[in-house]
Structures are given as structure tokens and as C-alpha cells.
Number of protein chains: 2
Amino acid sequence: MPTIQDVALHAKVSVSTVSNVLNGRTDRMRAETLARVEAAIAELQFRPSKLAQQLKTGQTPLLGLLVPSMTNPMYGYIAREIESYAQEHFGYRLLIGSTYRDRDKESAFFEDLSAQGVRRVIVISSLADERHFESAVERGMTVVSYDRGATPGKLSRVGHVMPDNFEAARIATRHLISHGHERLAFATVAGMTMSRSAKIDGFHAAAEEAGLKGKVLDGGPLDEYGDAVIAEVGRATAHQIAALGQRPTGIVALNDLMAMGLMAGLRETGLEVPRDVSVVGIDGLYLSGLSNPGLTTVPLPVKTMARAMVERAMRADAPPESAESDQVFAPEPLVQRESVAAPPDRQRAARVPEEGTAS
Amino acid sequence: MPTIQDVALHAKVSVSTVSNVLNGRTDRMRAETLARVEAAIAELQFRPSKLAQQLKTGQTPLLGLLVPSMTNPMYGYIAREIESYAQEHFGYRLLIGSTYRDRDKESAFFEDLSAQGVRRVIVISSLADERHFESAVERGMTVVSYDRGATPGKLSRVGHVMPDNFEAARIATRHLISHGHERLAFATVAGMTMSRSAKIDGFHAAAEEAGLKGKVLDGGPLDEYGDAVIAEVGRATAHQIAALGQRPTGIVALNDLMAMGLMAGLRETGLEVPRDVSVVGIDGLYLSGLSNPGLTTVPLPVKTMARAMVERAMRADAPPESAESDQVFAPEPLVQRESVAAPPDRQRAARVPEEGTAS
DNA sequence: ATGAAAGCGCTAACAT
DNA sequence: ATGTTAGCGCTTTCAT
């Protein structure tokens, strides 16, 4: 690899002149000099070492991204949007890390990033507190956290970007109600996070509006399962539902993946969606359009949020006020597919023929 | 951020002593000195700058990973396995890039990696040739390529790791044949890659074994579609199939995602899986276990391959012989689910009851 | 308009 | 056993 020295020699100028052209200070030199330098650069195929630049400037064009798991399609989706926005608009690449919701792994990642010279990171974490990376912020990192608000009462220099989870769940629930459902359930996993409780609140709010009382179903912990994680919890929940005396007829799932697991599980127990039970998801994964029956879901504005996170991470210099830096994004309009119908006791009117329903 | 200087001062030793403890050369000093240094490090919370280390040693603990798209669950899966193996066994982090199968994006990524000091990269590319990164190899990068063999005849210093695509497709096809299918089709996308042609060959081989003649269905190009890409092509293929006079009864899909799209599309046309047509996928995504009907598929040994790729990328020093560096991995045993049944004309025996089939 | 030189935070000879 | 020092490849004053 040629260095700036080589170029200088080759162009018969000093390294500072080369550096100047590298940094666009071309006004400080004769056109002829510039031409020589550029020729040398081209000829040697010289690419300045970011490493050396970083050491000098303290800036590295790398964005850290912390996700619970890349295998989760939702995180893959978010990661993709973050990546392309950061790349296209700022020339930043992504340094990614999966944490499997483990605090030590998260901390270790922050350590590494910091040692690596990375100053901007986006975190998707479901861990309750963010103390373990508050320290990173204090050391000068800009961090933006997804799907959680600032800890109430605590000042924080961490940026927060999230969907309006309350509203998303409320929309999903209302959809069920508008189809006549009265026995409502919300399928979630064990462990409360801000986003989960917001969804649950939204679910209850919608139920109450209609004078109904919703039930929250906890499918169990996430970590016991390998990969399919959330989907497996959904599957477990389905079996739990099947065993219930008074079965709910309308279910809002924590997210699309869980909904898909739920539908698979329901099928295993002989229950049919949407004939016996209706299901609504939240997220808007394209995969949900592939399921059978197609999953009705409330899409989250992933692109917009990804953009907001990158912007926030980049424009670090903005007023680092306290908690007011939270940004909440409204969900997109519900996408209606085939996983919702009237509850069983209201279906006499038009017991849909084979094809109209599911398979 | 404290530097090695600060630590030296704090411990009242020279920087080289600190450097020595950092690099495990602790035998060269008195235990007492070591203790002082360690204390200083702890107290100052000193983390050596990888940046500076890299500049000095030319080694950066970063592994480049080039994927067509993170949103594709298969790549997400592979990326995850690569990440954890590289992290756990070598302390490497992942610098990831999506290329959307674009040559310029791939080249740009290599440029960036190289400037970033990254010397090891794993590439998942479906582009026909690998000339654009052969040059990276010549500049000293170690690159391992997934799902393609060395270009025949051409020497290459690029490592190659891939599944036995021929065998995978053959297994899938035989499975269909063993269920009595005689009108066989292979659903693929436009554009031939090594892995796609290997699968097609395997498909034909299995058909011929049985004295049958398989048909290859091309669902169209990948790039027209946004995200759901392959699944959408599958969907298109389904509509194409429905319009056919002599419909195939057994279809092998290029991969699971395409199979899922195919099943969704089939459903749209009123065709039922597996009653009217049977479908087999290749990959073994956990999502395929969630589909309805559950997708029968030939799983690829992702974990093993990920491991092999990382090892190859790390142990760069191994004999950089010519093409013989290819590593091919056998698929895992076919996972039987519900997407395959006897062809329609053989089903009179036991026309399966509602539940046994699909919904 | 151009060049010399002092680092950025480390590592690794090479002293002592 | 410990310290001195010369870089790694760049950026950036400050001279000339």
C-alpha cells in the first residue's frame, strides 16, 4: 500500500501538499502542482489510510450498531435501513454486534467500539436500564437508543427514537373490536420492557374504550429458546390459549414474528385462523405478507425511524438537553390481510367458503 | 480517554513497561512493577486504543462481511453465525456491508475496508466473477467467498466455502419423486450463478435417475423488487405455474424464501399445497417451520460453513495454493413437514382430512 | 505556494 | 528489570 510519502516523492512535493489536496485545500497551490499530485495519486492507486487519519483526527467513519440478534427479521430490516442511510448520507460503515440481550455482551461491545475509535452508536436493547452505556456517553460517545424512552426522572444524554407503541397496539386492538371481538388477549413474552408495557397499555386502552376487559398472555421467557425465539414463545402461547376455558377470539401479538409463531401453534392445536381466532401483529415485516393466512398487521415506520436515528447519531452537536430529546413516530396505517374475521359466534351470516378463508 | 502515557506516569514506569504488560510480556518485570501497572490501568480505566495499535501492527480485529442484503433471513442467519464465531474465537468484530448484488457497491466496500485497515473479509456475492476483489487479495487481503467455487481454470487466492448445492437439490427432488411426483419443476430466478446452476444440475440428475424430465421455471429478475425480492419472484412463479397447461405437481424451490413466496402465490391462484402441488425448499430457515403448511426443506449446514469461513479467513497463512482450497459441505438431512404429498392423481387412496393437510 | 516538523497512541527494537 | 526512541501514515500549525 502506497503512503502519502510515496505520493509526495512521486509528485515531487511535500507531504503537506499532498495532504492539502486530500483535504480539498486546493486553493493553496498552483493548478500545475495539483495536477501533478493528482496524477501521482492515480498512478499509485493511493488510498489514504483511514486508520492514520483517525489517529490524528479522532474521527472514524464507523457507526456502531447493537442489536439483540441479526436473525430477527425486524432487526435485520432496521439494520439495513440504518446502514444504507448512514452510508449514503454520511459515508459511514456499520460495525455491528449481537448481544442476545446480555448486559455483559453489551458492555463489552461498547468497550470495543470505544477502543476502536467509534464515537457514534445506535443501540437496540431491551434491557431495563441503560446505565452500562451511560458511561460510554460520558466518555464522549454519541448514543441513540431504539424503542425505549429516557428513564423518567433521570437526565440522559442518550438520544431516544421509538415508534408509538401505545398507538400501534391500540390500532391493532381496535381493529379486532371493530370486527366484533369481545374476548381480547395480548400475547407477549416474559419480562417487561418500555416498549412492551406501552403496547400493553395501548391494548388495554382500546379495550376499555369499548367497555371490554383485555387479557395479557405471557408465553414465557425469551432466552430458553434458540433462534426462533419469539416465534417459539408465540407457539407456546398458542397451546396455552387452546387449553383455556374461555378462549379469547381476538389476539394482538407483541410483534409479527410472535404472531407468526402464534398462528403456527394455533394450527397445531387444531384451531383455525381466522375462523376460531383472529390475530393481529405489529411491525409490518414483509414476511407477514407471506404467511397463511396473511397476517393483518400494524406496520412501524422503520425507514423513518432508521433515518432519525442516524441523523441523531451524526448531528451529535445538537443541544444535548435532558430527556426532551425523545422522538416518537406514529405507526403506519394497518395493513389488512386475512388473519382477522368476526368472532366465531358472529359468523353465522356468511360462513366463508373454503377458499375465502385460509388455505 | 487515558493513554499509555498516563498509565506510565501514574505507575511511575516507562511506557514500554506498560506496553509489555499490555502484550503479556510480564515475565520481564518484577511482580511488584506489574502490580503497580495493573493498578494504574484499573484506576484510570485505561483501554489501549486499537487504532494506535493497528497503525503500528497493521492488524485490526475487524472482519469484513459482504452480504447481498441483511434483510434476507438466510444471510442474517449466516451473518449471525459468522459474527459469534469470529467474536468468541478470535475477538473479532464484524464490519458489515450490503451490496444489493451491485458490483460497484462491492468494490467500494473493499476500498473502504482496505482503507480501514481490515485485512480479512468474507464475501457472499452472486456476481459472476470475482475480479473486482481479486485485486484486493493481491494487495494482501484474505478473502473467503461463500457459495461459489473458484473460477475454473483460473488460479485464485480467494478461499471458497459452499454447501453441496447439487446434492441439496438432488435430495429435494428425490423426495418429491419418492412421493410419486412425475411432473417436476425447479423454481429459480433470472440470472445464473454457480450455486444456482449446481442446484439445477442436481435437480436434473435426480429427475433423470427416475427417467423423468424436469422443467426449470424462471420467475424473473431479482432487482425489480424491493425487499421481499426472492419471495416476490416465487410469488410471480406461482402465477406462471397456475397458468400452465400441464402443471408440475412437485416443485423444488431455489431456497426457502422463494418457496414461501411460491406457496403464497399458489394460494392466491387457488392452488393448494400440498393437495394440488407439493413444494420443497432448500436452506432450513427456522421461518420455514412457521409457514402453513410447514415447508419441507433441505437444511444447509450454516453453522459449520460459517465456522469454516471464519477459520479460513483467520488462518490466512495456510498454503495459498490454487483452486484446491474449495471446501464443500454436505446438506443436512431433509426436514419433512407438510408441504409435500402425493401428486393429485395418486391421492384417491386417502384424501387426507382437513387437519392432516394444511390449515 | 510549498515545506518542515510536531505529534495522534501505540509497539518493539535497542539501550542501560 | 526498565527506559529511550524511532516510527506506523496521516493532519496541521508554522515557517519560508
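Note on naming: letters A, B, ... go to the chains in the order of the sequence lines (proteins, then strands), and numbering restarts at 1 for each one.
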Chemist: Between A:His89 and A:Tyr85, what is the ring plane arrangement, given parallel below 30°, perpendicular above 60°, and tilted in between?
Modeler: parallel

Chemist: Quiz question: by atom type and distance under 3.5 Å, do the side chains of B:Gln116 and B:Thr60 form a donor-acceptor pair?
Modeler: no

Chemist: Taking protein heavy atoms under 4.0 Å as touching, what does nucleotides 4-12 of chain D look like 5' to 3' if B marks base contact, S marks sugar-phosphate-only contact and - marks none?
Modeler: BB-BBBBBB

Chemist: For B:Gln327 and B:His160, test the side chains for any donor-to-acceptor distance below 3.5 angstrom and give the result as yes or no.
Modeler: no

Chemist: Without decimals, in angstroms, what is the distance between B:Met29 CE and C:dA12 C1'?
Modeler: 13 Å

Chemist: Determine the minimum heavy-atom distance between A:Arg119 and A:Gly140, stating which atoms define it.
Modeler: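 Of all heavy-atom pairs spanning A:Arg119 and A:Gly140, the closest is NH2-O, 3.8 Å.
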
Chemist: Expressed in angstrom and rounded to an integer, what is the separation of B:Arg28 atom CZ from C:dT16 atom P?
Modeler: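 Atom-to-atom, B:Arg28 to C:dT16, this comes out as 17 Å.
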
Chemist: With distance as the sole criterion, is a donor-acceptor pair present between the side chains of A:Arg80 and B:Thr71 under 3.5 Å?
Modeler: yes

Chemist: Got a salt bridge between A:Arg36 and A:Glu32, using NZ or NE/NH1/NH2 to carboxylate O under 4.0 Å?
Modeler: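 Yes, A:Arg36 and A:Glu32 are salt-bridged.
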
Chemist: Base, sugar-phosphate or nothing for B:Arg30? Non-hydrogen atoms, less than 4.0 Å.
Modeler: sugar-phosphate

Chemist: Please report the distance, rounded to the nearest Å, between CD1 in B:Ile41 and C1' in C:dG9.
Modeler: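 Value for this atom pair: 14 Å.
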
